[in-house]
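By convention in this document, chain letters (A, B, ...) are assigned in the order of the sequence lines, proteins followed by strands, and residues within each chain are numbered from 1. Computed over heavy atoms, backbone and side chain alike; hydrogens, waters and symmetry mates excluded.
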There are 2 protein chains.
Amino acid sequence: MELEEAKRKFIESWGKLGSEWGINRTMAQVHALLLISPDPLTTEEIMETLRISRGNANMTLRDLIGWGLIEKQHKPGERKEYFFADKDVWNIAKQVAKERRKRELEPVIKVLDELSKVTGDDRDPEFATFNKSVTDINKLAKNVDKTLETMLGAEENWFWGGIFKMFK
Amino acid sequence: MELEEAKRKFIESWGKLGSEWGINRTMAQVHALLLISPDPLTTEEIMETLRISRGNANMTLRDLIGWGLIEKQHKPGERKEYFFADKDVWNIAKQVAKERRKRELEPVIKVLDELSKVTGDDRDPEFATFNKSVTDINKLAKNVDKTLETMLGAEENWFWGGIFKMFK
DNA sequence: TTAAACTTTCAAAACTTTTTGAAAGTTTAA
DNA sequence: TTAAACTTTCAAAAAGTTTTGAAAGTTTAA
């Protein structure tokens, strides 16, 4: 396969993966494009390469900055803004985990905590089943949360070494 | 909070979480409803409680069975089909991880493997950047895959005990 | 100041996904 | 057989999401 085709394929795949993971397709594609660009790109260049509108490009770039995945850069003597992506895959994974934890896990845990407080008669099957599911899921969510927290604070090397060895 | 309100809230939250995680809202809501039902429910009951159409209910129930999250049950002497959810949270997490691994991770790894094979001149920054990102992401994806595989094969208890201790 | 170069906004349009509901299909009991 | 009870299908409609592009806003250099 030739480099240009490979690049296109990479952008396409990353976009698809993104849309399965709550990051929208264009956002993931712009990210992919910046990931494989040795130099920072302008809005104009991104619009052209991915054939997207100015408005879309601007919004997407802003979102990506919000996710901590890309940064603005200014070249001395130039008015234009350049964008570049952090190329460190471990950082990317960490950022995504961090954001999703904040955006999705935290609100759910808040609701579950509230729902765990509901009281009732344990001999009432309606209550008992509700209560068991809610408490179990709450425990699971808290466990995941704690795990993420620890992972985010941990150092990079254990990851590349393979966490999985620990479960053997 | 009163039990009925709590149930509604649980179904709503689970639905929201589902839609952020690639499982559609109705599917997650039906699952939530079955999770907190002490007894199996019929299509009719589910339609009524969640105010969804017959077609939608039928499709959703089929999908949930496909994900391994619920099962059909027959009551002796009755024509109707009843549905019930596995209430074991660890099983639920395992099933979801298993399915997503198969549906999403595997195809990506396949593409990345292909893209890793692309050759070029390492002094060409275009190639070098592309290659580094692709290989790094490939390593990450494989690592996640391996971790999932091990987790899925592992026993339940280490999870409830808290994996996170291992990262301390 | 001014105007050129650039960025941001947002209502409307395009596209995608989900849901509906009526019709077709299947199973069972009599 | 038949018909009632139930399940499945799928084209069209509704709902939800993303994208466009023109207009408004901002910054900078002169």
A:Glu44 has an atom CD; how far is it from atom P of C:dA5, in whole Å? 12 Å
Length of the line joining B:Met59:CE and D:dT8:P, which is rounded to integer Å: 12 Å
Looking only at atom types and distance, does a side-chain atom of B:Thr60 sit under 3.5 Å from a main-chain N or O of B:Thr26, one as donor and one as acceptor? no
Taking atom types as they are modelled, is there a donor-acceptor pair under 3.5 Å from the base of C:dT27 to the side chain of B:Arg79? yes
How far apart are the C-alpha atoms of B:Glu81 and B:Thr42, what are their side-chain angles, what is the distance that settles it, and do they pass the side chain to side chain contact (heavy atoms under 4.5 Å, CB included) test? CA-CA 6 Å; B:Glu81 294 181 324; B:Thr42 61; over 6 Å; no
For atom NE2 of B:His74 and atom P of D:dT7, their distance in whole Å: 9 Å
Please determine whether residues B:Val30 and B:Val89 belong to a single hydrophobic cluster, defined as Ile, Leu, Val, Met, Phe, Trp and Tyr linked transitively by side-chain heavy-atom distances below 4.5 Å. yes
Taking for each residue the nucleotide of DNA chain C bearing the nearest heavy atom, is the 5' side occupied by B:Ile52 or by A:Lys72? A:Lys72
Lys NZ or Arg CZ of A:Lys75 over A:Tyr82 ring: under 6.0 Å, within 45°: yes
Atom CZ of B:Phe83 to atom P of D:dC6: distance rounded to whole Å? 13 Å
In whole Å, what is the span from the NZ atom of B:Lys80 to the P atom of C:dT28? 15 Å
Regarding B:Asn24, tell me which of base, sugar-phosphate or nothing describes its non-hydrogen contacts under 4.0 Å with the strands shown. sugar-phosphate
For atom NZ of A:Lys16, decide whether the heavy atoms of other residues, nucleotides or ligands shown that lie under 6.0 angstrom number more than 12. no
Considering every strand shown, what is the Watson-Crick or G-U wobble mate of C:dA13 when both distances are under 3.5 Å? D:dT18
Against the side chain of A:Thr26, the closest entry in C:dT7, D:dT18, C:dT20 is D:dT18
Taking CG from B:Leu64 and C1' from C:dT18, how many angstroms apart are they, rounded to a whole number? 15 Å
Is A:Arg62 close enough to C:dT9 that one of its side-chain N or O atoms is under 4.0 Å from OP1 or OP2 there? yes
Classify A:Arg54 by what it touches in the nucleic acid, base, sugar-phosphate, or nothing, heavy-atom distance under 4.0 Å. base
How many Å lie between CD1 on A:Ile46 and P on C:dT8, as a whole number? 12 Å
Please report the distance, rounded to the nearest Å, between CG in B:Asn56 and P in D:dT7. 15 Å
Who is the Watson-Crick or G-U wobble partner of D:dT28, with both distances under 3.5 Å? C:dA3
Assign each of B:Gly55 and A:Asn58 to its nearest nucleotide of DNA chain C by heavy atoms, then name whichever residue's nucleotide is nearer the 5' end. A:Asn58
